[in-house]
Amino acid sequence: GEDVEQSLFLSVREGDSSVINCTYTDSSSTYLYWYKQEPGAGLQLLTYIFSNMDMKQDQRLTVLLNKKDKHLSLRIADTQTGDSAIYFCAEKAGGYQKVTFGTGTKLQVIP
Amino acid sequence: EPEVTQTPSHQVTQMGQEVILRCVPISNHLYFYWYRQILGQKVEFLVSFYNNEISEKSEIFDDQFSVERPDGSNFTLKIRSTKLEDSAMYFCATRLSQETQYFGPGTRLLVL
């Protein structure tokens, strides 16, 4: 079945760039997402990318997709303490309803 | 910006009791979902609902679970006889377009 994997933890200094990586197994993935979860809160959709794209930029966020290697990354430029959260990579195959989530990467931003 | 809301935010129940978790979708959304996240584990898909019927469900969504849209606005998840392993955060999600599902803040369910 589908599987999405992420590293569990990332620590960066305020002002640096953060890069969170994700790999997935489903070659029929059509949409790939990044969600943010702050403590005690729900899942906030940050951005998404279609599988026929290789890059998407949205302000401080850059998503890179390597479809051949089934690798997705999220780069946060000029990381702030307010970016500290858990970041979930997720994918959805065309024709299916469910979104499959990764384990989440906890981003710690050191002032 | 419109949001998905869920009630209650927390629920504590005894094993074997029935619970109903409620969600108010974003008003013009047509597709509704329930996910759960057991503490320390991945967010897992339970069920999707469209046009007043289940369109897809996972193996987790067994006969103990049911969903309905009783009044055209609320979307509910019922667990008939809760088990200890049902303790989790339950997220409702809704969507209008194909691409994106918007999640509610979750209901934390604790079964004792």
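These values consider heavy atoms only, across backbone and side chains, with no hydrogens, waters or symmetry-generated copies. First the proteins, then the strands, lettered A, B, ... as listed; each starts at 1.
Neither the backbone nor the side chain of Tyr50(B) comes within contact range of chain A; no heavy atom of the residue lies under 4.5 Å from a heavy atom of that chain. With a 4.5 angstrom heavy-atom cutoff, Gln37(A) touches chain B only via side-chain atoms. At a 4.5 Å heavy-atom cutoff, the contact between Gln37(B) and chain A is made by side-chain atoms alone.
Phe65(B) and Leu21(B) fall within a single hydrophobic cluster, where Ile, Leu, Val, Met, Phe, Trp and Tyr side chains are chained together by heavy-atom contacts under 4.5 Å. Neither Leu10(A) nor Leu64(A) shares a network with the other; the hydrophobic side chains, linked directly or stepwise wherever heavy atoms of I, L, V, M, F, W or Y lie under 4.5 Å apart, form separate groups for each. When the side chains of ILVMFWY residues are joined at heavy-atom separations under 4.5 Å, either directly or via intervening members, Ile38(B) and Ile86(A) end up in two distinct hydrophobic clusters.
Of all non-hydrogen atoms in Val43(B) and Phe88(A), the two that sit nearest each other are CG2-CE2, 4.4 Å. Between Val99(A) and Tyr35(B), the shortest heavy-atom contact is N-OH, 3.0 Å. Shortest non-hydrogen contact noted between Leu43(A) and Phe103(B) is O-CB, 3.4 Å.
Asp63(B) CG: 12 or fewer foreign heavy atoms inside a 6.0 Å radius. No more than 12 heavy-atom neighbours from other residues, nucleotides or ligands sit within 6.0 angstrom of NZ on Lys57(B). Atom CE of Met53(A) has more than 12 neighbouring heavy atoms from other residues, nucleotides or ligands inside a 6.0 Å radius. Counting non-hydrogen atoms of other residues, nucleotides and ligands closer than 6.0 Å to CD of Gln59(A) gives a total of 12 or fewer. Atom CG of Leu39(B) has 12 or fewer neighbouring heavy atoms from other residues, nucleotides or ligands inside a 6.0 Å radius.
Here the OH-OH distance, from Tyr35(A) to Tyr102(B), works out to 8.5 Å after rounding to the nearest 0.5 Å. Atom OH of Tyr31(A) and atom OG1 of Thr100(B) lie 9.5 Å apart (nearest 0.5 Å). For the atom pair NZ of Lys98(A) and OG of Ser58(B), the computed distance is 7.0 Å after rounding to the nearest 0.5 Å.
Of the listed residues Ala90(A), Ala41(A), Gly102(A), the one with more heavy-atom pairs under 4.5 angstrom with chain B than any other is Gly102(A).
Gln97(A) and Tyr33(B) share a donor-acceptor pair across their side chains, judged by distance under 3.5 Å alone.
A salt bridge is defined here as a Lys NZ or Arg NE, NH1 or NH2 lying under 4.0 Å from an Asp or Glu carboxylate O, and Glu5(A) with Lys42(B) meets this definition.
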